[in-house]
Amino acid sequence: MKDITFRNKDKMAILGLGTWKSDKGLVYNAVRKAIEVGYRHIDCAAVYGNEAEIGEAFRDAFKAGDIKREDLWVTSKLWNSAHKKEAVQPALEKTLSDLQLDYLDLYLMHWPIAVKESAGFPFKGDDFLTLEEVPLEETWEAMLVQKEAGLAKHMGVSNFHIANLELLGKIEFPEMNQVEMHPLLPQQKLADYCKSKGIHMTAYSPLGSMDRPARAKSDDEPILLEQPIIEKIAESHNATPAQVLISWSINRGIAVIPKSTNEKRIAENLAAASLELTTQELEHINGIQSGFRFIDGSIWVVEGSPYSLEDLWESE
Ligand code: A2P
C-alpha cells in the first residue's frame, strides 16, 4: 500500500476507512473488520456522532492484539461549533476520550464555518457566527497549540479553498486539506496549489456518498458508480466500479477514504490499492469531470446565514 509522507516523515496509508454515515450498531464491526483485513487508517469526526463506538472498536482491537496504536493512523475533525480558541482543547479532548486514544495522528478543522457553541448543528441564520467574530486564524492558532501539547501529531483542514489556505499559511500551512474529490470533481487547480505548498490532500465522498440523507440530495444528480467509462474500465480489469474510483485517487497521490459498513465491500475497497490503471484509462476517467458536487454546502447558506456558496467554493 502506498503512503503519504508528512513533513516530519510520518507516514499515513493512502487508503483509509471513512466513517461518515456509518451507523451506530454497525460501525464497531466495520472498524474491527477493517483493521482485521489490513486497513491502517481510519477517518473519523466528532459530528458523525459515532466516535464513542469507534473508540470501543479501537480498544478491543488493541486488546486483541490485532494492531498496535502506533501502527494505526487516526484522523478526526473539529466541529464548527468549537471554533473559539477556548473551545478547541475541550473538543479535542472529548474526541480523544470518545475514541479512547491519547493522541490523534491528524486533526482537521472540519469547515471554514463557525457556529454558536449552543447551536451544535446550524438550522437557522441565527445559529451562525461570522468569520469576523471567530476568524479562521484564531481557530487555527488554537489547534497548533494542541499540536505542540501532543494531543494531535498533525494539523490540517477540510473544505478549504486556496484563499482560506493562504490565510492560514501566514501562520503555518496546514499539512492536509480533505475535500470532496472524484472524477466528476477532480479539483486539479486546488490539488496543484496544495502540492506547491506541501499540503497533502484526502478525497472524501470518493464513491458519491449515495447514502447521505435525502434532504442533502438533488433529484437529477449523477450516479458516480454507474458512469459508463468507470463501469467499462472496471469490467476490463475484472474489478468493480468502486475499485476503479479508489484506484484513480491513489494514482493521483491523493489519500482516499471510502466509507462502508459492509464486510464484503470493506475488503473489496482495500483490494483497490493493488489495482493498476493505465495512463490511457486515467485520461479517459479524467474526461468525465463536470464540476458536480455531491456535498454542495447548501446547508451553510440557509436564510439569514452570513455565508454564501461563493465564499465556500472557489470558481475553477
Ligand atoms: P455500504 O456502507 O453499505 O457499503 P462514500 O465513501 O463516497 O461516502 O460512499 C459510501 C457509500 O458507498 C455507502 O452507501 C456505501 O454503502 C457504498 N459503498 C461502499 N463501498 C462500496 C462498493 N465497493 N461498492 C458499492 N458501494 C459501496
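Just follow the structure's listing: the first ligand is 1, and inside any ligand the first atom is 1.
With respect to the salt-bridge test (charged N to carboxylate O, under 4.0 angstrom), the residues Asp71 and Arg40 do not qualify. A salt bridge links Asp43 to Lys77: at least one charged side-chain nitrogen sits closer than 4.0 Å to a carboxylate oxygen. Look at Glu175 and Lys147 and you find a salt bridge, because one of the NZ, NE, NH1 or NH2 atoms lies within 4.0 Å of a carboxylate O, short of that distance. With respect to the salt-bridge test (charged N to carboxylate O, under 4.0 angstrom), the residues Arg212 and Glu221 qualify. Ion pairing between Lys195 and Asp192 fails under the 4.0 Å rule for side-chain N and carboxylate O.
Within 4.0 Å of ligand 1, protein heavy atoms come from Lys21, Ser205, Pro206, Leu207, Gly208, Ser209, Met210, Asp211, Leu225, Ala242, Pro258, Lys259, Ser260, Thr261, Asn262, Arg265, Glu268, Asn269.
Of the candidates Arg69, Lys153, His154, Asp105 forms a side-chain hydrogen bond (donor to acceptor under 3.5 Å, both in side chains) with just one, namely Arg69.
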